[in-house]
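These notes are about the structure you will find just below.
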Amino acid sequence: MDVMLREVTMANFGAVIRCRVADDQQAFVAPNVESLAEAYTNPRLVPLAIYDEALIGRVANAEDPVRGFVMYQVWDEIGFIKRLMVAPDHQRRGYGRAAMCEVVRRLKLHPSVRRIATSYHRDNHAARDLYLSLGFTRPIEMDSDIEEYVALDWDPVSGTPPIR
């Protein structure tokens, strides 16, 4: 699966905010409109729409089908993937994995990033399984009864997982 991550603009804003998770997943991720409002007030946040690269042209078009949404930030040498959501009709087709891989690729190229991390709601087993399968293994101690925080097992100097 190849995805294209695009900046959220006036051309795709409506499609992005209409893109929602299933009703039983709403406790796991904030609505996209809330994430976009947060990004508007925090210039470190990078909100991106997820598209299936095979189905779109290279110029943003309001007719292109948005598959999901991802948002990350770089802060204090940490690349933190703050949001990931895929619309219900497109889940379990590889969009979430492909979007995560693309964001991780971008963060690994960022000159100040020394650690890549994310979090998930403790009851969101699909997110947990996805992140673990991508190499997010080291738990980060945080004071939260709701979220689990994990870091990518990655050495920024060599670009590979550390030897265990």
Side-chain angles (χ1 to χ4, degrees), residues 1-9 11-13 15-21 25 28-36 38-39 42-121 124 126-138 140 148-161:
M1 172 66 57
D2 290 323
V3 296
M4 179 178 285
L5 303 182
R6 285 189 178 155
E7 178 182 0
V8 178
T9 65
N12 62 6
F13 178 79
V16 170
I17 64 171
R18 284 190 302 274
C19 190
R20 302 171 191 267
V21 295
Q25 298 170 327
F28 298 155
V29 64
N32 293 343
V33 69
E34 184 178 315
S35 296
L36 290 171
E38 188 177 355
N42 181 349
R44 289 188 201 125
L45 291 170
V46 179
L48 300 164
I50 302 170
Y51 292 89
D52 185 328
E53 189 172 43
L55 300 177
I56 63 171
R58 295 290 176 189
V59 177
N61 181 330
E63 308 305 313
D64 292 338
V66 173
R67 299 299 192 222
F69 176 81
V70 64
M71 185 167 70
Y72 67 91
Q73 72 177 3
V74 174
W75 184 40
D76 288 344
E77 298 186 341
I78 298 172
F80 190 81
I81 303 163
K82 189 170 174 95
R83 300 277 195 277
L84 173 67
M85 66 78 58
V86 176
D89 293 349
H90 306 295
Q91 291 179 4
R92 297 185 185 5
R93 295 184 183 177
Y95 291 108
R97 174 176 295 281
M100 283 295 292
C101 288
E102 175 58 19
V103 170
V104 166
R105 183 191 72 77
R106 290 177 184 205
L107 289 171
K108 284 181 175 181
L109 293 172
H110 197 285
S112 68
V113 170
R114 295 289 169 254
R115 187 174 205 190
I116 299 172
T118 191
S119 68
Y120 57 90
H121 190 286
N124 190 344
R128 178 201 62 208
D129 294 346
L130 171 63
Y131 300 150
L132 293 178
S133 75
L134 291 171
F136 286 84
T137 58
R138 291 181 289 156
I140 300 171
E148 286 286 333
Y149 291 81
V150 291
L152 186 64
D153 203 2
W154 164 70
D155 177 9
V157 176
S158 67
T160 61

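None of the values given here were measured: they were computed from a predicted structure.
- Closest approach of M71 and A39 over heavy atoms only: SD-CB, 3.9 Å.
- N32 contributes a side-chain N or O that, together with a main-chain N or O of C19, makes up a donor-acceptor pair within less than 3.5 Å.
- Side-chain contact between V3 and D52: absent, with no pair of heavy atoms (C-beta onward) separated by less than 4.5 Å.
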Q) Would N124 and V29 satisfy side-chain contact (heavy atoms from CB on, under 4.5 Å), going step by step from the backbone distance to the final call? A) CA-CA 10 Å; N124 190 344; V29 64; over 6 Å; no
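- Here OG of S35 is found 12.0 Å from CD1 of I17. Values are rounded to the nearest 0.5 Å.
- Annotation: side chain of V150 is not in contact with side chain of T137 (no heavy-atom distance under 4.5 Å).
- A ring-ring contact (aromatic ring centres under 6.0 Å, His included) check over residues 65-92, counting only residues at least two apart or in different chains, returns the pairs H90-Y95.
- Between G79 and V113 the shortest heavy-atom distance is N-CG1, 3.9 Å.
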Q: Decide yes or no on side-chain contact (heavy atoms from CB on, under 4.5 Å) for V46 and V103, but give the supporting numbers first.
A: CA-CA 10 Å; V46 179; V103 170; over 6 Å; no
Q. Is there a side-chain contact (heavy atoms from CB on, under 4.5 Å) between V8 and L36 once you walk through the steps?
A. CA-CA 9 Å; V8 178; L36 290 171; 4.0 Å; yes
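- Listed by first and then second residue, the side-chain hydrogen bond (donor to acceptor under 3.5 Å, both in side chains) pairs that reach into residues 126-135 are R97-S133, H125-R128, sequence neighbours excluded.
- Here R105 pairs with E102 under the side-chain hydrogen bond (donor to acceptor under 3.5 Å, both in side chains) rule; sequence neighbours left out.
- Once rounded to the nearest 0.5 Å, the distance linking CG of L48 with CD of E7 reads 8.0 Å.
- Listed here is the closest heavy atom pair of Y120 and A127: CB-CB, 3.9 Å.
- Taking R20 as the reference, nothing meets the side-chain hydrogen bond (donor to acceptor under 3.5 Å, both in side chains) condition, with sequence neighbours excluded.
- From Q73, atom CD reaches atom CG of L45 across 5.0 Å, with rounding to the nearest 0.5 Å.
- Side-chain atoms of L152 and L107, non-hydrogen and from C-beta on, never get closer than 4.5 Å to each other.
- With sequence neighbours left out, the side-chain hydrogen bond (donor to acceptor under 3.5 Å, both in side chains) criterion links H110 to S112.
- Minimum heavy-atom separation, G96 to L84: O-CD2, 4.1 Å.
- With sequence neighbours excluded, the residues that form a side chain to side chain contact (heavy atoms under 4.5 Å, CB included) with Q25 are V21, A22, F28, Q91.
- Within the structure, every pair that satisfies the salt bridge (charged side-chain N to carboxylate O under 4.0 Å, His left out) test and touches residues 67-82, not counting sequence neighbours, is listed here: E38-K82.
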(Q) Applying side-chain contact (heavy atoms from CB on, under 4.5 Å) to I116 and F136, what does each step give before you reach the verdict? (A) CA-CA 9 Å; I116 299 172; F136 286 84; 4.0 Å; yes
